[in-house]
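Both backbone and side-chain heavy atoms feed into the values below; hydrogens, waters and symmetry mates do not. When a ligand or atom number is given, it counts from 1 through the structure's own listing order.
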Amino acid sequence: MPNPPSPAVLSELETMLGPRGFTRDPQATEPWLTDWRRRYRGEAAAMLSPASSAEVAAIVRLCAAERVAIVPQGGNSSMVAGATPDPDGHSVLLSLRRMNRIRSLDADSGLAVCEAGVILADLHSAAAEARRRFPLSLAAKGSATVGGLVATNAGGTQVLRFGTMRGLVQGLEAVLPDGSLLEGLSPLRKDNRGYDLKQLLIGSEGTLGVVTAASLKLVPVIGARAVAWIGLRSPDQGLKLLRRLESALPDAVESFEIVPQSALALVLAHIPGTRAPLGEAYPWNALVEATAPEGAPEPALAEALGEALEGGLAEDAAIASSEAQAEALWRLRESISEAEQKDGPAAKHDVSVEVSAMPRFMAEAAAAVEARFAGTRVNAFGHLGDGNVHFNVRPPAGAGPGWLIDESPAVTAFVHDLVAAAGGSISAEHGIGQTKLAELERLGEPARLSAMRAIKRALDPLGIMNPGKLLSASTGQESLAESAVRP
Ligand code: MLT
Ligand code: ZN
């Protein structure tokens, strides 16, 4: 088990980092000790805010020597409490937010080298100024940081065309659990020197090291975009529509997000300034974005949708006629989590199955959940085109605040069992964090889990890197016990 930092260690950290890099002030640390969903509350012995990779390395070296646990944190927008420390207050919170420099942005090579604390929206703006674009986007873009996006292999709303962070990271710089600096920001397109440590760190949720910088791939700027809100009968109709649009507009469809009427109603009720985009309420809706590069003709989304409506692949559609209207449609989609949060508790799931199987899964799983847990209401929305929806289950009307603690674990186990039976994943894009750790251990394939534990033990034998996230905190300790009995 890691140790709480001694007064001497804390004072060494304070001297090392100075007043801007070290604080124990409860007012300064308070916002960073609770997760975004406000379900986990932790404590930290101190919050460290290094200004450079060298400082991160020095912190990790000292913590390794003293066996002090480190919880790396970026924008604190994890959906699975992946950056919230334990309540015992024994760990140090390592904020990367001060490291927010874009070290370089080269339009010709199409690469931006960003420190871990660069906020996604700032990267979008900097790339746009250079007439380039970083194509990953998500609702938390105003606070999510590059380090967190890498550490969680973030997805978002543009995965359909550009993939997740795994495909967008060219190189990584990271501090490993022994304090050594892995300098992997090289712009080489080809590099075959053994294990892919970059991919190992992407999605490792801070359990194998601290990402300090990433070199990210940029794509050509958008010349024109067309955004539409479409009324649908079902997700099945939605997926058929997506396939039709992809054939009609090759390489243009970037997003296809599914939104049930229940989610739209929550947004309209809780988010000021929003309004229904269609004259009638449809049981399902899709938000579609199609783009064209500079110099190319605007994507003919209106024509394609006209044909789809005639062919019975959609019920109604509204096409944004200005950027402001396009943004208003996106706001409806991106506010779902916030609106759901304002409405009250829900059992939240982030699941994937094979894309073609998702419409059926959504229908059958919703019916099964609502039959098994009387009064519950499924609110499943999100990235239908990726086979990933946020299959959230709202409590019966009038359920008290205890529902989340007392009832929702059974709902979650039921949903995850359905996902496992469908050959799917219980974490499509949010990661495991603390929230899904027990479920991963319950449902994960033994070979996958034991390989992950072996990697964790090999790289972090002291178990100091973000303990209690992704894998149970005992993983590092077991290694010591095991190695003690080995000859
Ligand atoms: C989204 O797709 O809106 C995000 O992943 C957030 C969420 O699942 O709540
Ligand atoms: Zn999502």
Side-chain angles (χ1 to χ4, degrees), residues 35-40 74-83 120-121 135-145 148-149 151-166 203 205 229 235 238 254-260 262-267 270-271 274 284-289 327 329-353 355 358 362 377-394 404 408 412 415-416 419 424-433 435-436 439:
D35 75 304
W36 188 85
R37 283 186 168 155
R38 313 199 71 76
R39 289 195 58 192
Y40 294 80
N76 196 24
S77 53
S78 170
M79 292 279 170
V80 289
L120 180 57
L136 186 133
S137 189
L138 36 73
K141 55 183 174 282
S143 52
T145 58
L149 296 168
T152 58
N153 180 28
T157 49
Q158 256 75 9
V159 171
L160 193 60
R161 174 123 186 259
F162 295 103
T164 64
M165 281 302 276
R166 283 199 192 284
E205 303 189 26
W229 189 273
E254 290 204 359
S255 305
F256 192 95
E257 298 285 307
I258 190 97
V259 179
S262 56
L264 179 59
L266 287 176
V267 171
H270 293 290
I271 307 294
T274 53
W284 292 89
N285 307 266
L287 175 62
V288 177
E289 175 163 317
E327 283 304 315
L329 294 181
W330 267 112
R331 187 157 174 248
L332 293 174
R333 161 63 186 96
E334 292 188 331
S335 303
I336 297 175
S337 284
E338 189 187 333
E340 207 181 39
Q341 183 91 349
K342 287 186 170 159
D343 198 66
K348 310 212 185 211
H349 311 104
D350 163 38
V351 307
S352 62
V353 298
V355 177
M358 186 48 102
M362 287 168 79
R377 295 149 298 158
V378 169
N379 185 36
F381 65 90
H383 323 292
L384 181 67
D386 308 327
N388 166 207
V389 294
H390 303 302
F391 193 93
N392 298 345
V393 182
R394 295 159 68 209
L404 206 55
S408 79
T412 291
V415 170
H416 287 168
V419 171
S425 165
I426 64 163
S427 176
E429 63 170 0
H430 292 166
I432 298 298
T435 313
K436 297 197 178 132
E439 284 292 85

Notebook entry, point to check: Which one of E334, H390, Q341, R333 has a non-hydrogen atom at the shortest distance from atom 3 (O) of ligand 1?
Noted result: R333

Checklist line | Any N, O or S atom of H390 closer than 2.8 Å to the Zn ion (ligand 2) | finding: yes

Checklist line | M358 and I258, any side-chain heavy atoms less than 4.5 Å apart | finding: no

Notebook entry, point to check: Nearest heavy-atom pair of E429 and G156: which atoms, and what distance?
Noted result: OE1-N, 3.0 Å

Check: NZ of K436 to NE2 of H430: how many Å apart, nearest 0.5 Å?
Finding: 7.0 Å

Checklist line | Test item, E429 contacting ligand 1 (heavy atom, 4.0 angstrom) | finding: yes

Item checked: Donor-acceptor contact below 3.5 Å, side chain N392 vs main chain A380 -> no

Next item on the list: Would you mind listing which atoms of ligand 1 come within a distance below 4.0 Å of any non-hydrogen atom of M79?
Entry: 6 (C), 7 (C), 9 (O)

Note to self: Looking at ligand 1, would H383 count as a contact under a 4.0 Å heavy-atom criterion?
What the structure shows: yes

Margin query: Taking E338 first and then K342, would you say they form a salt bridge - that is, a charged N and a carboxylate O separated by under 4.0 Å?
Written below: yes

Note to self: A side-chain contact here means heavy atoms from C-beta on lying under 4.5 Å apart; do Q341 and H270 qualify?
What the structure shows: no

Next item on the list: Specify the protein heavy atom at minimum distance from atom 9 (O) of ligand 1: its residue, its atom name, and the distance to 0.1 Å.
Entry: S337 OG, 2.2 Å

Margin query: Can you report which non-hydrogen protein atom sits closest to atom 5 (O) of ligand 1, along with the distance?
Written below: H430 NE2, 2.7 Å

Margin query: Just to confirm my numbers, could you give the angle made at the Zn ion (ligand 2) by OE2 of E429 and NE2 of H383, rounded to 10°?
Written below: 90°

